[in-house]
Amino acid sequence: MSGDKLHFRFSRSEMSLREKLWQISWSYVALISLVCCIGFFTLYSAANGSIDPWADRQMMRFAVGMLVMLGVALVDIRAWMRWSYGLYAMALVLLVAVQLHGSVGMGAQRWIDLGFIQIQPSEIMKIAMVLALARYFHGASYQDVGRPLFLLPPLAMVFLPVGLVLKQPDLGTAMMLTLASGAMFFLVGVRLWKFALLLAVGGGAIPVAWRFMREYQRQRILTFLNPESDPLGAGYHILQSKIALGSGGLFGKGFMLGTQSHLNFLPEKQTDFIFTMLAEEWGMVGGVVLLALYTLILAYGYALSLRSRNQFGRLVGLGLTTTFFLYVFINIAMVMGLVPVVGVPLPLISYGGTAMLTLLFGFGLILSVHIHRDVIIGRRGAAEDI
Amino acid sequence: MTLGNNREGTDRAKIIGRRALLLGGGKLALLTTLVGRMYYLQVVEADKYAVLADENRINLRLLPPPRGRILDRNGVPMAINQQNYRVLLVSEETDDINDTLDALSHIIPVNEHDRARILREARRHRSFVPVTVRENLSWEDVSRIEINTPDLPGVEIDVGQSRYYPLEGLGAHLLGYVATPSEADLQNSSDPLLELPGFRIGKAGIEKVYDIALRGKGGTSQVEVNAVGRTIRELKRDDGVPGLDLHLTIDVELQQFAAQRLGEESAAAVVLDIHTGDVLVMASTPSFDPNAFNRGLSSEEWKELIGNPRAPLTNKAIAGQYPPGSTFKLMTALAALESGIVTPDMTVLCTGQMSLGNIIFHCWKKGGHGTMDMENGLKNSCDVYFYEIARRVGFERIAEMARRFGLGSVTGLDLPGERSGTIPDKAWKRATLDQPWHPGETLINSIGQGYVLATPLQLAVMCARVANGGYAVTPHLARDLVDGIHAVPRVTPDWPDLGLSRQNLDVVHRGMFAVVNEPGGTAYRERIKDESMAMAGKSGSAQVRRISMRERETGVKKNDELPWKERDHALFVAFAPVSNPRYACCVTVEHGGGGSSVAAPMCRDILIEVQKRDPQRAAGGDPALKHDFEAWRQARAETEAGHQALAREVDRRFGPGTAAGICGCGGLHVQGSCGA
């Protein structure tokens, strides 16, 4: 180890609080806040021009989430690497616990009530999974990744929680966990033919999976394939959502003037279907502007992550950015009838504390990756290098 | 090691950089898909979805128009709408429906049955939909509920409208009634008003015939509703067209007089204006109170109405078919005169009976009328005279004449349920009974017995056509012509001329005049003494039983001695005033006994009343129809003298009691011996 390297590394790891705050990408934070503000206005409209009951609470959560995000950002990336397996283990235990003691919400066992706070372990898993996989692949060389045996432990790390989440059952989260992990496998250089093989096997497994699905899940998929078949029953949500979007037209009906949403034809307008409401009132123009802002956040995520000089940081940043992308894509594709209604909220805008906290926590980690971009972490982990 | 480590790290950075680029590209592609989908939904398909969104939010509410009133010719209301106060309960405005109902039950009775129904309906409808608690509240109840409103959360008073017939039984048969539409009504009509809860349509009578006009056109209110159907605001409103106020030709006061005059009898009276066809009176007794149907009828009341042998629910004026009896002789007379086979002067000797083949046909007067010509035949209603002339002209001609005067088919009155009666002929008998026509039936039917049946309205129309100089007037009840939902003043058309000779009609007029106004006429006792109002008429007593030979020997039983069902139907048709005919009247009394003794006085009183109330009595009329009494009297006296001279001549030439007279050929000889 050369002296200047040591010095360099040392200086970075020993950054003062002021230096760290200086390093935070405030434009990124501003972009995130801007999208959240759009969310407040939309929730204000959803409540027929009142900050009660959604906008005010969402603002509170945003404030708390901002503090969490900044706190997370300031924690050394090596500490996150150290804690990653621990966090993953905790999330897994909570997922098991929710199977045993979870309270039923939204027709599925998703919540665990600790008395003072309600925890959704699957949300924690969205972060913990990325951290744990990033740690596993941190030291892996291209050759390592090429060995099938090397890929078995991370596969198990993915399918264990995915299985538990599916059992809750929460199709949306399972989908996000699988796809985000898949992206990470792709990023570390897993050979493409292996993905092809997995897809083929997965395709063959569809009939098997169908057998294990709950009736409502099957129904959602069938409804997705043909929403007009049952316009007053299962297809109602999708149909009303498409009507709201379509009737919004190019420029929308105007702020607080969406008929579909304000007359309650649009279901869940403050949560999963908030994009529909926004696009009904602001039209395609509004929808495209929001998508552009999301794309900007994604591009920032890429830029911030790829500037990291350690593999762990790059993987964490890209993994979380991908998770964020999945939120955006699945939700918007869902309300436009491109994918089944699986219950994924629109990130930073949908009313709901858990998703907001998860997302801001994730952005905090991306910021941390950026702040500690020059920290060099040895192949076998942070511990031996410090 | 460090170096290798570094190179290793750079390689990995390269790989992750490349793959991140690929991944990012993929994400961008997916996001572009979203934009494409947005474009498809919000630009390409925007119009379609805009329509769907409006269909979602805009609800068309129907506003029922107020039903038109029915008024008589002078504007007296016969059917009106009454305010009907209802208590409604809106379940979302009350904490507990049961508590509210308990509080309400201190003011108006709410029984367990009502309570169960209210709770059931409240559960079934959304919480903001009002449920009817009770209808037809008195004003007193309404006030008490209004005062206690603070203690009755969710209770509302609502004003609906229900049909009310202020004249009750009077005109019930004409007006009909309203009721909620049946399944068949809903299928046959495209009017969305029928779907409204509580909406009523005309089911019988005038209410049915002019239902569309009386109903009016429903208004619409476009309201914005939310997903659960609650009204948010009204966007547009069209009040529709209220139902038409329909005037009838009926004069309620005359109607009332006629109904009272018919009294307890099972009877019908019709008065027509012989020029316009206006029906001034159409009474059928006994009647019923149509409001009872709205209130709800108890089963005893219903049984009483259905089981009553005098059929209060039937409008006898149009649905009662009776043998017209001697009133039909007007048709036989006209058929005979018009055929040219019989002249007014031709005489027939009535000895009280006439034989045809081996059957003996009796005259109503035992011992006979002596020498009869046309006018005297009518005056005395001599059966044998009409047997003889009918035998000569044949029944086909009589049937044809009767049909010309409106018998045997519906008159086309604007009222449902009219029956056609029967004018038989050979073809009819072949078709219905599959039997040939017997010559004897010509005789029986020529005096309005046998198969001949007519409704009182048909007889009134027949009388009107005789009185107006042979024009095919048709009756109507609506003062104006109703076209869709509008009324157009009716213009009296030029009625088709029936093509009768004026002289022949005058002969019949004089005969009818003699019936009432000459001593010895069948209705002389019922004459109108005020000459300016004098009527001319024809009586009829239609036998409803067979009189056996034995009874004829021992003396035919009087009507008073018979059970009600076996008594003759009493009929009388008349027109007045004779000097300038304007009105025709027919009175029919089921099993009333003698036409001249029972029906004629009723007819006389009704015609007097009609003329007293006639504002135009003094004014013109048709000059061609004016009759000169004095000339008539003189002519009649001369005829009478001639007959007496003739009788003396016959006695001198052929011996007393010989059946001889002036033949159709004009010569004087024993009947049946005419060589011409």
Side-chain angles (χ1 to χ4, degrees), chain A residues 1-2 5 137 140-142 145 183 186-189 239-240 242-250 252-253 259-260 262-267 279-280 283-285 287-288 291-292 294-295 298-299 302 305-306 308-311 314-315 318 321-322 325 328-329 332-333 336-338 376 378-379, chain B residues 1-59 223-233:
Chain A
M1 290 182 190
S2 61
K5 275 247 154 66
F137 286 119
S141 67
Y142 188 66
V145 174
F186 176 76
L187 285 169
V188 297
L239 198 64
Q240 294 301 335
K242 279 159 79 174
I243 291 173
L245 279 162
S247 62
L250 193 55
K253 296 176 185 169
T259 59
Q260 284 283 104
H262 289 287
L263 299 172
N264 289 330
F265 290 102
L266 187 64
E280 186 192 12
M284 183 181 167
V285 171
V288 169
L291 265 185
Y294 278 139
T295 310
L298 286 172
Y302 270 72
S305 308
L306 287 175
S308 172
R309 293 178 59 181
N310 57 71
Q311 182 78 340
R314 289 190 289 252
L315 283 173
L318 292 175
T321 303
T322 302
F325 164 80
V328 173
F329 180 77
I332 298 180
M336 293 199 295
L338 287 174
I376 304 286
R379 282 189 65 183
Chain B
M1 182 68 201
T2 311
L3 202 72
N5 212 358
N6 242 349
R7 195 178 345 107
E8 179 80 25
T10 321
D11 283 351
R12 288 191 305 173
K14 270 184 189 158
I15 291 168
I16 203 169
R18 206 165 54 232
R19 293 227 164 170
L21 205 66
L22 278 172
L23 193 63
K27 286 175 185 171
L28 215 57
L30 287 173
L31 291 176
T32 313
T33 317
L34 294 184
V35 176
R37 178 69 169 172
M38 245 185 269
Y39 178 78
Y40 175 74
L41 288 176
Q42 300 196 276
V43 177
V44 179
E45 298 265 84
D47 293 342
K48 169 185 148 191
Y49 286 115
V51 171
L52 287 174
D54 278 350
E55 278 177 12
N56 261 346
R57 81 186 169 100
I58 296 171
N59 229 343
V223 290
E224 188 174 68
V225 295
N226 67 8
V228 291
R230 184 195 294 276
T231 303
I232 305 297
R233 65 199 163 110

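The sequence lines fix the lettering, A, B, ..., with proteins before strands; numbering per chain opens at 1.
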If every non-hydrogen atom of [X] is compared with every non-hydrogen atom of [Y], which pair is closest and at what distance?
X: A:Phe325; Y: B:Leu30; answer: CZ-CD1, 3.7 Å
X: B:Val225; Y: A:Leu263; answer: O-CD1, 3.4 Å
X: B:Gly17; Y: A:Leu306; answer: CA-CD2, 4.3 Å
X: B:Ala13; Y: A:Arg314; answer: CB-NH1, 3.6 Å
X: A:Gly189; Y: B:Ile15; answer: CA-CG2, 4.1 Å

For A:Ser305, check side-chain hydrogen bond (donor to acceptor under 3.5 Å, both in side chains) against everything at least two apart and list the hits. none
Do [X] and [Y] have side chains that get closer than 4.5 Å, going by heavy atoms?
X: B:Lys27; Y: A:Thr322; answer: yes
X: A:Leu338; Y: B:Leu34; answer: yes
X: B:Asn56; Y: A:Gln240; answer: yes
X: A:Leu315; Y: B:Ile16; answer: yes

[atom1]/[X] to [atom2]/[Y] distance, rounded to the nearest 0.5 angstrom?
X: B:Tyr49; Y: A:Lys242; atom1: OH; atom2: NZ; answer: 4.0 Å
X: A:Ile243; Y: B:Lys48; atom1: CD1; atom2: NZ; answer: 9.0 Å
X: A:Gln260; Y: B:Asp54; atom1: CD; atom2: CG; answer: 9.5 Å
X: A:Ser247; Y: B:Asp47; atom1: OG; atom2: CG; answer: 11.0 Å
X: A:Gln311; Y: B:Arg12; atom1: CD; atom2: CZ; answer: 4.5 Å
X: A:Ile332; Y: B:Met38; atom1: CD1; atom2: CE; answer: 5.5 Å

Give, as side chain, backbone, both or neither, the part of [X] having an atom under 4.5 angstrom from any heavy atom of chain B.
X: A:Tyr302; result: side chain
X: A:Leu266; result: neither
X: A:Phe329; result: both

Need one label for B:Tyr40: side chain, backbone, both or neither, based on atoms under 4.5 Å from any heavy atom in chain A. neither
What residue, out of A:Asn310, A:Leu291, A:Leu245, has the most heavy-atom pairs lying under 4.5 Å from chain B? A:Leu245
With chain A as the partner, which of B:Leu31, B:Thr33, B:Val43, B:Val35 has the greatest number of non-hydrogen pairs under 4.5 Å? B:Leu31
For A:Lys253, give me all partners under salt bridge (charged side-chain N to carboxylate O under 4.0 Å, His left out), at least two apart in sequence or on another chain. A:Glu280
For A:Ala279, does its backbone N or O pair with a side-chain atom of B:Gln42 as donor and acceptor, under 3.5 Å? yes
